[in-house]
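Take a look at the structure set out below.
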Amino acid sequence: MEEYIILMPMGIQLLGLLLVVLNDKYIRKEQKQTMTVIIGLISLLLAQNVVDNILGTTVSMPYLRTVVSIVGYSVRPIIIVMFCKLVRPNGKNTVAWVLVILNALIYLSALFSRFVFYIDPDNHFHRGSIFNYTAYVVSFILLAHLIYCTISEYKSRKSFIWIALINAAIIVISAILEITPAYFDYPVGYLTIAIVCCSLFYYIWLHLEFVREHERALMAEQRIKIMMSQIQPHFVSNTLTTIQSLCMLDPPKAAEITGKFGAYIRNNIASLDEEKLIPIKKEIEHTKIYTEIEMLRFPDISVEYEIDEEDFSVPALTVQPLVENAIRHGVREIENGKVSIVTKNTEKSHIITIRDNGVGFDTDTLSVQDGAHIGINNVRERVKAMCGGTLAIDSQIGKGTTVTITIPRRTA
């Protein structure tokens with residue numbers, strides 16, 4: 001019984017994998033079902049290996065051993081096709097399924113012929129005169145199809161392609177070992193062990209992929225929230241009212257502010273599709289459009305720029321929301337309100353400072369205020385996630401607020 005000890009870790013691995021898959025919130029329903037089927041097929045293959053070993057060494061039942069062997073040769077290619085379905089959920093894999101069915105039919109012929117293999121009355125296994133390596137040939141073809149599916153589906157992410165290549169290599173090596181004189185007749189075949197390991201590798205790969213998709217979805221949702229938080233109904237309504245008034249009093253000025261307002265809306269909408277960092281120069285230009293509109297509406301407000309460093313990038317809508325926050329919740333409430341935007345370099349970082357002389361606020365209540373400072377928290381999260389930076393706030397009631405963004409310099 002000592003030779004069956006290998007079943008314990010493999011059984012624990014399959015059971016643990018099943019429990020994790022069923023409780024993984026990241027994997028879509030279709031992939032979860034496919035992974036569950038794969039685990040079921042591998043469990044069947046594991047049981048087939050054990051029964052085949054018992055029938056070949058302990059109990060002499062040639063006909064039953066033939067049936068059990070047919071199951072093993074038929075199930076292996078199905079597992080590879082299911083791997084293909086994991087990699088490319090929307091793929092039909094029609095040719096692959098035809099090969100699987102053809103392979104099964106060929107091995108079913110062992111019930112009434114000796115073309116593929118046969119078990120003699122003395123319970124000895126013999127390979128047939130033809131088709132004796134059909135399962136291996138079909139599996140190699142399906143492995144090539146699996147690699148093709150992976151490359152075509154994830155050609156932009158080479159790390160995922162390597163996972164498929166390594167898994168395919170493991171299966172090929174184990175299959176070759178099974179048909180060489182170096183093979184030892186263990187209760188569980190090399191190929192079965194390899195498939196169990198590959199199923200675990202594929203799950204880890206799937207989990208990482210879906211986590212990345214989930215993170216991208218969260219980032220997209222966050223960009224929408226940020227855009228909506230910047231296009232405030234009051235700002236839109238008040239700007240349109242200002243344009244309406246200027247149409248009668250100063251048509252050229254009305255045309256100017258209309259153009260700036262249109263550019264402001266376009267830039268905010270464009271940020272929805274911006275998944276990468278953008279040059280700080282582009283972000284400053286968008287901020288200037290916003291501040292110019294506000295200064296037309298509130299002549300007592302002044303905004304100053306001291307841009308000493310432009311050779312770095314930031315997430316879209318980083319500076320503008322902070323400047324908008326400074327104007328709306330800070331300097332509008334006082335006379336001669338002033339906002340300054342400064343960029344500079346240090347040896348290790350790029351520094352952006354947004355400073356105002358407004359009313360200030362209690363930073364301890366930042367996270368619980370009713371939407372008043374949502375822009376600060378959103379910017380902090382994106383700066384940290386996308387460029388490893390930090391956002392610090394220093395605010396004193398009655399004196400003003402300073403927001404400092406620190407972005408590490410990228411080494412070549």
- Got a sec, which residues hit side-chain hydrogen bond (donor to acceptor under 3.5 Å, both in side chains) with Asn93, two or more places apart in sequence or on another chain? His145

- Message: Run the side-chain hydrogen bond (donor to acceptor under 3.5 Å, both in side chains) test against Thr406 and tell me which residues pass, sequence neighbours left out.
- Response: none

- Reference residue Arg380; test side chain to side chain contact (heavy atoms under 4.5 Å, CB included); the match among Thr318, Ile393, Ile405, Thr390: Ile393

- Atom of Met295, atom of Ser302 and distance for their closest heavy-atom approach: SD-CA, 4.0 Å

- Task: Could you grab the distance from atom NZ of Lys260 to atom CD of Glu292, nearest 0.5 Å is fine?
- Result: 3.5 Å

I'd like a table of donor-acceptor pairs (distance under 3.5 Å, sequence neighbours excluded) in which one partner is a side-chain atom from residues 240-252, with atom names and distances.
from   : atom 1 : to     : atom 2 : distance (Å)
Thr241 : OG1    : Ser237 : O      : 2.9
Thr242 : OG1    : Asn238 : O      : 2.9
Ser245 : OG     : Thr241 : O      : 3.2
Asp250 : OD1    : Lys253 : N      : 3.3

- Query: What pairs with Gln33 under side-chain hydrogen bond (donor to acceptor under 3.5 Å, both in side chains), at least two apart in sequence or on another chain?
  - Reply: none

- Can a salt bridge be assigned to the pair Asp52 and Arg65 using a cut-off of 4.0 Å between side-chain N and carboxylate O? yes

- Task: Grab the two heavy atoms, one from Ile278 and one from Ala316, that are nearest each other, plus how far apart they are.
- Result: CD1-CA, 3.7 Å

- Separation between CD1 of Ile327 and CD1 of Ile354, rounded to the nearest 0.5 Å: 11.5 Å

- How about Thr343 and Ile351: do any of their side-chain heavy atoms sit closer than 4.5 Å? no

- Item | Aromatic ring pairing Phe117/Tyr107, orientation class (parallel under 30°, perpendicular over 60°, tilted between) | tilted

- Query: What's the shortest heavy-atom distance between Leu142 and Ala96, and which atoms?
  - Reply: CD2-CB, 3.6 Å

- State which residues pass side-chain hydrogen bond (donor to acceptor under 3.5 Å, both in side chains) with Glu309; sequence neighbours excluded, sorted by chain then number. Asn345

- Pro315 side chain near Leu277 side chain, heavy-atom distance below 4.5 Å: yes

- salt bridge (Lys or Arg N to Asp or Glu O under 4.0 Å) partners of Lys85, counting only residues at least two apart: none

- Query: Tyr118: what forms a ring pair (Phe, Tyr, Trp, His ring centres under 6.0 Å) with it, not counting sequence neighbours?
  - Reply: His126

- Message: So does Gln320 get a backbone contact from the side chain of Glu283, meaning a donor-acceptor N/O pair under 3.5 Å?
- Response: yes

- Could you tell me whether the side chain of Met35 reaches within less than 4.5 Å of the side chain of Leu86, counting heavy atoms only? yes

- Message: Going by the rule ring pair (Phe, Tyr, Trp, His ring centres under 6.0 Å), which residues pair with Tyr148 if we only count those two or more places apart in sequence or in a different chain?
- Response: none

- Item | Asp300 atom CG, over 12 foreign heavy atoms within 6.0 Å | yes

- salt bridge (Lys or Arg N to Asp or Glu O under 4.0 Å) against Lys288, all qualifying residues, sequence neighbours excluded: none

- Check the angle between the aromatic planes of His286 and Tyr264 and answer parallel, tilted or perpendicular using the 30° and 60° thresholds. parallel

- Item | Partners passing salt bridge (Lys or Arg N to Asp or Glu O under 4.0 Å) against Arg332 (at least two apart in sequence or in another chain) | Glu294

- Can you list the residues that meet the ring pair (Phe, Tyr, Trp, His ring centres under 6.0 Å) rule with Phe83, with sequence neighbours excluded? Tyr202

- Query: What pairs meet the ring-ring contact (aromatic ring centres under 6.0 Å, His included) rule with one or both residues in residues 292-313, with sequence neighbours excluded?
  - Reply: Phe312-His350

- Does NZ belonging to Lys338 count more than 12 external heavy atoms closer than 6.0 Å? no

- Item | Among Val138, Val98, Ile78, the one residue meeting side chain to side chain contact (heavy atoms under 4.5 Å, CB included) with Asn103 | Val138

- Give a yes or no on whether the backbone of Pro321 and the side-chain of Asn325 come within a donor-acceptor separation of less than 3.5 Å. no

